[in-house]
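The structure appears below as structure tokens.
Worth knowing before you read on, the calculation uses all heavy atoms, side chains too, and leaves out hydrogens, waters and symmetry mates.
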Amino acid sequence: MEEKEWRKEQERLDYVSEKLKARIAELEPLVSELHNQASDIRRRFWEDVTVNTSSEEEFEETFYAIKQQAALLSERERGHKLLKQQWKSLNRLLPSPYFGRIDFVEDGQTAIEQIYIGVSSFVDEDELSFLIYDWRTPIASLYYDHSLGAAYYDTPIGRITGTMELKRQYQIHNGQLRNMFDASVTIGDELLQQALAKGADSQMKSIVSTIQKEQNAIIRDDHSRLLIVQGAAGSGKTSAALQRVAYLLYKNRDTLKADQIVLFSPNPIFNSYVSTVLPELGEENMQQTTLQEFLEYWLGSSLSLEDPFDQIEYVLTAQSTANYEARLQGIKYKASEAFLQALQNYAQWLEREGMLFKGITFRDRELISGEQIRTQFYSYDSSLRVSNRIELLQRWLMQELKQLERKECNASWVEEEINYLDNEQYAEVFSKLHKEREVLDLAEHYAIGSEIIFNKRREDEGDFNFAEREEELLKQMIVKSSFKPLRQGVKKLAFIDIHALYTQLFDDTAAYREKTGESELPELWPEICQQTKQKLDRHELYYEDATPYLYLKELIEGVRTNKEIRHVFVDEGQDYSPFQYEYLKKLFPRARMTVLGDFGQAIYMQSTNLQHANSPLLRLYGEAETSLIRLTRSYRSTREIVEFTKMLLTDASDIVPFDRSGAKPLLVKLAGEEQREQRMLSDIAALQADGFESIAIITKTAAESRAAYEALQQQGSEAVQLITKETATFQKGVMVIPVYLAKGVEFDAVLIYEASAQAYNHENERKLLYTACTRAMHQLLLYSTGEWSPLLQGIHPDLYELTS
């Protein structure tokens, strides 16, 4: 870049920086003042309000005084929040105000508009012009989507066409211009190379300065009801999705809030890993959860749920146990669309027969039997759906309880309970009696009392009998309190025996076919039924049963939809079953769904193909409302690592490495386990000496992780961390982690603890090994104490280094 041009850009940067500093200095006292005002109003809230309820007029005056004071407080707090957001935004801009520039001439105009792009907008209030445009503005899409020449961008009022004369990228640090590049086609490789060459961090960072065209299509998709992103490992799909959240919050800032977006993460560690991206862009974090946490919440405490990590541990380690093949068939079938249809048919069968209810018991007595409830249920119009009849049944039960409550007041146990009441309960009844007496006296005085009231007084021989009425009220109070759990149970539909209804599906093969209309069943269906019932008898639930169980519950009780959620993001979407997608769609009927995944990393048995023409996902919302974007370029790993890892897959010819060079993967053959640990520690020390701060020793299972961790500690390594499914966060350093917990995360260097035939010998473990190897950004090392895995033997020797 010519020195003159460089100086001109630095002068412009200095000008913007000074404007930013001036605006920050201007805002600081205003932010502080509004904060003090709000604090003062909150502290003196009741001092400035006189509470007087002695008359209707005084009460009304008090009400409006409180309302006025609350409105004043709300206005000050809102003003403080807005100014503080502006102040924070400007402080974020100050070290590096912008990262890109485009020069654009709109068709029909002659003036060149210089557009500088940063993480948020900044307006020169003196000249009423944009000094910086937020990367999410429509005009900023030119920077990501177009090369020099004819270009356009879409706005709410239509498409703007013109010519892009310049595309420039900057590296700015602490207000100083460090580098700048002119790019003719895409975001220049220079900046991307430097960004990717950095070490892995314990938390994901924003990528707004290096967003690629295909990622920008994901971020700015405004039309799809379902957006599927099938991306190769390291293609930036998760990063693009988080920038998409920021874009949606920016574009729909008047109608969309962060708590109306939910992200389903693969594990708790991942939640921590991505938690800083949105705050870095000035947005609040959306809701984050895992499907396991979600399922456990809705199942409640009545059933103990297996988690997906225990399920995959079983699949990987229990090959020699009894009924192993039956369990695998059960996992596949219960995740399928066939089982989904079977449950829908089962719900229709229950409309005619087979409903099961729990009786309502009280003090070891059955007040309403399960058979009575069943008879009442089937007395309703047979054309009504199960959920509608349940609603009618709920009302009937509440009426029945009300009548039973009145009768229960005469039970002997109630009189005994009166003797154990405390003074507060007596005082409550005494107060109520006085109010009743006042009402009677007032009605008699004005001669406007009802006939019932005067009849009551005549029954009491002209006098209000306090003793009898007190006993009557005390009995009512005792019984009402005792019946409260029964009423709450009816409100929560606890009288429906969902556990038994799900269990009876697995009674026998003939009954299952009759109830569901299912003709094709897994070969080992009787064994599957036995396993499932044994688990349910212990009040436990396999992971593959959780979604079907809840789905059946919703079919019977009615769907508890969440209409507030507007966007659902599913990361590692290939690990979700068609059944689970259908369930999420039912729960969030107003939400658009963004699914991110890589079928090459489908390590769970219930995986869904994201990109195939017959993918169940394409049927979820219909092809007209579904968009599929494929990301084939891998940015995370060096070219050498990508070329090596893509050979692990049978259909990865379309994966394209980003041109960043590094060392070839190293395959290390060792004589025994002790020699392996010693060599690993030596290699780790060398990696740390080279500046790598994030190093993962990836194992196949949790048991292998524990064994590796203990073996390395015995060799004198005290700095190694063990990552388990209970780990919520991790820091930089050396860690031992099972592959399924490393999904979605990246490391400077990855060491595959055991890559022998003993560890990875089956075809269904191919994607597991691929997932483990693709976590590496800069260095990949594989160790073996025996023959190499057959999954590695097909890789060309030119793609790796071999040593011993």
Side-chain angles (χ1 to χ4, degrees), residues 217-218 221-231 237 241 244 262-264 266 291 294-295 308 329-348 385 387 516-522 543-555 559-563 565-631 651 767:
I218 298 166
D221 183 294
D222 292 319
H223 309 294
S224 306
R225 186 83 190 280
L226 170 63
L227 175 61
I228 305 171
V229 182
Q230 159 61 38
K237 50 189 177 291
R244 172 170 169 75
V262 61
L263 167 66
F264 284 92
L291 184 63
F294 191 80
L295 294 173
Q329 289 185 16
I331 292 172
K332 288 182 179 178
Y333 178 68
K334 291 171 183 176
S336 69
E337 291 179 284
F339 192 48
L340 173 69
Q341 183 61 54
L343 286 186
Q344 292 170 347
N345 294 342
Y346 179 47
Q348 292 176 0
R385 289 185 303 177
S387 58
T516 65
E518 180 67 277
S519 57
E520 296 184 14
L521 288 171
Y543 179 68
E544 61 267 23
D545 282 300
T547 308
Y549 186 98
L550 286 172
Y551 187 80
L552 177 63
K553 183 178 171 72
E554 300 293 330
L555 286 175
V559 181
R560 296 178 177 86
T561 58
N562 185 330
K563 295 182 180 179
I565 298 297
R566 305 291 297 280
H567 287 273
V568 172
F569 285 75
V570 179
D571 205 355
E572 300 296 338
Q574 75 281 348
D575 294 335
Y576 288 64
S577 70
F579 209 133
Q580 289 168 336
Y581 280 116
E582 181 69 31
Y583 182 60
L584 291 178
K585 182 188 175 186
K586 267 185 172 295
L587 289 180
F588 305 109
R590 290 188 62 196
R592 296 175 183 267
M593 190 180 290
T594 302
V595 176
L596 319 150
D598 175 17
F599 197 58
Q601 299 179 65
I603 64 175
Y604 292 92
M605 294 198 66
Q606 69 270 18
S607 298
T608 298
N609 192 327
L610 303 181
Q611 59 181 339
H612 195 270
N614 293 324
S615 171
L617 273 183
L618 293 178
R619 297 192 288 275
L620 194 62
Y621 290 104
E623 291 192 30
E625 293 191 87
T626 301
S627 294
L628 170 62
I629 296 177
R630 292 184 175 88
L631 301 178
D651 55 350
K767 292 179 178 179

Looking only at heavy atoms, what is the nearest atom pair of [X] and [Y], with distance?
X: Y583; Y: L295; result: CE2-CD2, 4.4 Å
X: G573; Y: V595; result: CA-CG1, 3.9 Å
X: F599; Y: Q230; result: N-OE1, 3.1 Å
X: L610; Y: L596; result: CD1-C, 4.4 Å
X: I218; Y: R244; result: O-NH1, 3.1 Å
X: A602; Y: Q574; result: CA-CG, 3.6 Å

Value rounded to 0.5 Å, distance of [atom1] in [X] from [atom2] in [Y]:
X: E623; Y: L226; atom1: CD; atom2: CG; value: 11.0 Å
X: L552; Y: E554; atom1: CG; atom2: CD; value: 10.0 Å
X: K237; Y: I629; atom1: NZ; atom2: CD1; value: 13.5 Å
X: S577; Y: I331; atom1: OG; atom2: CD1; value: 11.5 Å
X: M593; Y: K585; atom1: CE; atom2: NZ; value: 8.5 Å
X: L291; Y: T547; atom1: CG; atom2: OG1; value: 5.5 Å

Note to self: Do K332 and F339 form a cation-pi contact, if we require the NZ or CZ to be under 6.0 Å from the six-membered ring centre and within 45 degrees of the ring's axis?
What the structure shows: no
Item checked: Face-on cation placement of K334 at F579 ring, 6.0 Å and 45° thresholds ->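 Here K334 fails the 6.0 Å and 45° test against F579.
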Checklist line | Polar side-chain atom of T608 near backbone of Y576 as donor-acceptor pair, under 3.5 Å | finding: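 Yes, the answer is positive, given that a donor and an acceptor are paired below the 3.5 Å cut-off.
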Notebook entry, point to check: What do you reckon, is CZ of R225 surrounded by more than 12 foreign heavy atoms closer than 6.0 Å?
Noted result: yes
Note to self: Surrounding CZ of R560 (heavy atoms of other residues, nucleotides or ligands, distance under 6.0 Å), is the total greater than 12?
What the structure shows: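 Yes, the 6.0 Å shell around CZ holds more than 12 heavy atoms from other groups.
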Next item on the list: Please report the C-alpha distance between L587 and I565 in whole Å, then the side-chain angles of each, then the deciding distance to 0.1 Å, and finally whether the side chain to side chain contact (heavy atoms under 4.5 Å, CB included) criterion is met.
Entry: CA-CA 9 Å; L587 289 180; I565 298 297; over 6 Å; no
Check: Parallel, tilted or perpendicular: which fits the ring planes of F588 and F294, with parallel below 30° and perpendicular above 60°?
Finding: tilted
Note to self: Could you walk me through whether T626 and L617 satisfy the side chain to side chain contact (heavy atoms under 4.5 Å, CB included) test, starting with their C-alpha distance in whole Å, then the side-chain angles of each, then the deciding distance to 0.1 Å, before giving a yes or no?
What the structure shows: CA-CA 9 Å; T626 301; L617 273 183; over 6 Å; no
Margin query: Less than 3.5 Å apart, any donor N or O on the side chain of E544 or Y333 sitting next to an acceptor on the other?
Written below: no
Note to self: Per the salt bridge (charged side-chain N to carboxylate O under 4.0 Å, His left out) rule, what does the pair list look like for residues 567-578, sequence neighbours excluded?
What the structure shows: E572-K743, D575-K743
Notebook entry, point to check: What pairs of residues pass the salt bridge (charged side-chain N to carboxylate O under 4.0 Å, His left out) test when at least one of them lies in residues 590-599, not counting sequence neighbours?
Noted result: none
Notebook entry, point to check: Between F264 and L584, is a side chain to side chain contact (heavy atoms under 4.5 Å, CB included) present by the stated rule, with each step listed?
Noted result: CA-CA 10 Å; F264 284 92; L584 291 178; 3.8 Å; yes
Checklist line | 4.5 Å side-chain heavy-atom contact, Y581 and V570 | finding: yes
